[in-house]
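Have a look at the structure below, then the notes.
Quick note: residue numbers are just sequence positions, from 1. As the structure is a prediction and not an experimental result, all values here were calculated from the model.
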Amino acid sequence: MSRLPSKQVWRLSALLGLFALASCGDAATTLPPDPIPPEPPLLAECRSGMANQYPCNGVDLVSKLEMHQIGAESTVSDLWGWTDPATGTEWTLVGHSSGTSFVGLLDPRKPFYAGVLPMTEGASSSVWRDIKVYRDHAFIVSDGAGPHGMQVFDLTQLRSVSNAPATFTASAHYDNVASAHNIVINEETGFAYVVGSNSGGETCGGGLHMIDVRAPGNPVFAGCFSDPNTGFSQTGYTHDAMCVVYNGPDAEYRGRELCFGANETALSIADVSDKESPTPISATRYPLSGYTHQVWLDAAHEYLYMNDEFDEFDAFSQTRTLVWDIKELGDPILAAEFLGATPATDHNLYIRGDLLYQSNYRAGLRILNIEDRENPREMAYFDVEPADDLPGFEGTWSNYPFFATRIIPVTSMGGGVLFLRLSGN
């Protein structure tokens, strides 16, 4: 298929045409308007089970940035998203071993690498870097990184980057923790929950280290919560969590701020409304657990979906997703176990509406329909590193399915970041 002529060729043709008209004494006085340039093509539609070299079903590849194109020296890990309320531009915040990179998606087919926020000076390079957003600030922690603390970055700086790629500096720094595995933010209340704290500062037993970030440039320690009935060391270590203002069916807790923790050995539910005196609600174990890794709630706060990071190595030959009925918070019920199409290890998962987006390491992004909450079914996938689908810790670390445009950024630990969309979306 032939291409439309470039703008330069078009202009030259137009000028020659005008010259010919002028020689006949009937010249136009102005150039015609520029033609509308063609839209940049989709990088690869999913056809017959492939999008370029990537196995797929129902998911298209819009664009990709390699590691060197986002300033990453090695492993790409977590990511999150921010939509600028002033401009509407969607930004992907990508964590990697040496810092956090910022990618603008004004045109998702031509992602714009604005620059990088290096890790805290004096910290150690680490594969673990996690990011969340409150209003117009990003909050960043790193595990196994020594005195990294929590970096705070004013995202409005991204509106006026004139020397891309820029090297940014943190807008503020919180040093009451050193290293930490992850960070959770309740955007309704303005509180951050650093989890898996270690290596110095107030570790809270590795549980919830609560921080008031309502004034983002001045984070303030608010309290600790840990349930010693959970965790391998019985300190209440929390690997990841989701904290919300509860709006579910359990009337006793409606309107309270609750945290649902993946605590290595159990699902932990706590009332953290009073930061100085948080209280446990329940701690629930389940059969054949390996490592309780991460959880996410549906919008009605009736069901919770959990991944276990180690169970595919020992007890299961297919990826297991645990479905919890949490209508009674004091007595969660394991309602179902969904077994996926591959044996890959599962990692982070997120819910938007009736779709569950799973980053399952070597099997890539897997998208489940959960309209029937207790009976998920896989409807689409995209494998970002198509070597094999075996258990292991390569492939995709995380995804972000919450942009209004429905573009889905997905990390490739060894390959950078891909921007995907459901086919036909």
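In this structure, Glu264 CD and Thr235 OG1 are separated by 7.0 Å, a value rounded to the nearest 0.5 Å. Between Asp130 atom CG and Asp240 atom CG the span is 7.0 Å, to the nearest 0.5 Å. For the atom pair OG of Ser359 and CD1 of Ile408, the computed distance is 10.0 Å after rounding to the nearest 0.5 Å. Ile269 contributes atom CD1, which lies 3.5 Å from atom OG of Ser282 (distance to the nearest 0.5 angstrom). Between the OH atom of Tyr303 and the CG atom of Asp298 there is a distance of 8.5 Å, given to the nearest 0.5 Å. With values rounded to the nearest 0.5 angstrom, Asn399 atom CG is found 9.5 Å from Gln358 atom CD.
Ring geometry for Tyr174 versus His209: interplanar angle over 60°, hence perpendicular rather than tilted (30 to 60°). Classification of the His181-His239 ring pair by plane angle, with boundaries at 30° and 60°, yields tilted. Ring-plane geometry between Phe402 and Tyr400 is classed as perpendicular, the angle between the planes exceeding 60 degrees on a 0 to 90 degree scale with a lower cut at 30.
Counted within 6.0 Å of CD on Glu374, heavy atoms from surrounding residues, nucleotides or ligands total more than 12; the atom is thus considered enclosed. Leu390 CG: more than 12 foreign heavy atoms inside a 6.0 Å radius. Counting non-hydrogen atoms of neighbouring residues, nucleotides and ligands closer than 6.0 angstrom, the CZ atom of Arg254 exceeds 12 such neighbours. For Gln318, the CD atom is densely surrounded, since the number of other residues' heavy atoms within 6.0 Å is greater than 12. Atom CH2 of Trp324 is surrounded by more than 12 heavy atoms from other residues, nucleotides or ligands within 6.0 Å. Heavy atoms from other residues, nucleotides or ligands lying under 6.0 Å from CD of Gln53 number more than 12.
In this structure, Gln151 contributes its side chain and Pro118 its backbone to a donor-acceptor pair below 3.5 Å. Side chain of Asp346 to main chain of Thr319: no donor-acceptor pair is present (N/O by atom type, distance under 3.5 Å, no hydrogens or angles). The main-chain N or O of Ile183 is found under 3.5 Å from a side-chain atom of Lys132 such that the two form a donor-acceptor pair. A distance-only check finds no donor-acceptor pair linking the side chain of Asp60 to the backbone of Val62 [under 3.5 Å]. Judged purely by atom type and a 3.5 angstrom limit, Asp107 uses its side chain to pair as donor or acceptor with the backbone of Arg109. Checking side-chain atoms of Ser142 against main-chain N and O of Trp128 turns up a donor-acceptor pair under 3.5 Å.
Remark: the Asn176 side chain and the Glu202 side chain contain no N/O donor-acceptor pair separated by less than 3.5 Å. For the residue pair Thr342/Asp389, the side-chain donor-acceptor check at 3.5 Å is not satisfied. Remark: the Asp271 side chain and the Thr279 side chain contain no N/O donor-acceptor pair separated by less than 3.5 Å. Using a 3.5 Å distance cut-off with no hydrogens or angles, the side chains of Tyr381 and Asn360 do not pair a donor with an acceptor. Judged purely by distance below 3.5 Å, without hydrogens or angles, the side chains of Thr89 and Thr87 pair a donor atom with an acceptor atom. Side-chain contact of Ser179 with Asp143: a donor-acceptor pair under 3.5 Å is absent, judged by distance alone. With hydrogens and angles left out, the side-chain atoms of Tyr246 and Glu257 include no donor and acceptor closer than 3.5 Å. Under the 3.5 Å distance criterion, with hydrogens and angles disregarded, no donor-acceptor pair is assigned to the side chains of Tyr361 and Glu385.
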Run the side-chain contact (heavy atoms from CB on, under 4.5 Å) test on Val103 and Phe419 for me, step by step, so that the C-alpha distance in whole Å, both residues' side-chain angles and the decisive distance to 0.1 Å come before the verdict.
CA-CA 11 Å; Val103 178; Phe419 301 95; 3.8 Å; yes

Tell me, with the steps shown, if Asn263 and Thr230 meet side-chain hydrogen bond (donor to acceptor under 3.5 Å, both in side chains).
CA-CA 6 Å; Asn263 282 27; Thr230 65; 3.0 Å; yes

Salt bridge (Lys or Arg N to Asp or Glu O under 4.0 Å) assessment of Arg362 paired with Glu394:
CA-CA 6 Å; Arg362 290 181 175 178; Glu394 299 87 23; 2.4 Å; yes

Under the criterion side-chain contact (heavy atoms from CB on, under 4.5 Å), I'd like the reasoning laid out for Arg129 against Ile140: C-alpha separation, chi angles, the key distance, then a yes or no.
CA-CA 7 Å; Arg129 191 170 313 279; Ile140 305 160; 3.8 Å; yes

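Under the 4.5 Å side-chain criterion, counting only non-hydrogen atoms from C-beta, His173 is not in contact with Glu121. Using a 4.5 Å heavy-atom cutoff, the side chains of Asp212 and Phe191 are in contact.
For the residue pair Pro216 and Tyr134, the shortest heavy atom distance occurs at CG-CD2, 4.3 Å.
Aromatic rings of His347 and Phe393 (six-membered ring for Trp) have centroids beyond the 6.0 Å cut-off, not under it. Ring centers of Phe139 and Trp80: at least 6.0 Å apart, outside the cut-off. You'll find the ring centres of Phe232 and Tyr237 outside the 6.0 Å limit. Aromatic pair Trp296/Tyr305: centroids not less than 6.0 angstrom apart.
When each of Phe153, Trp82, Tyr113 is tested with Phe102 by the rule ring-ring contact (aromatic ring centres under 6.0 Å, His included), just one qualifies, namely Phe153.
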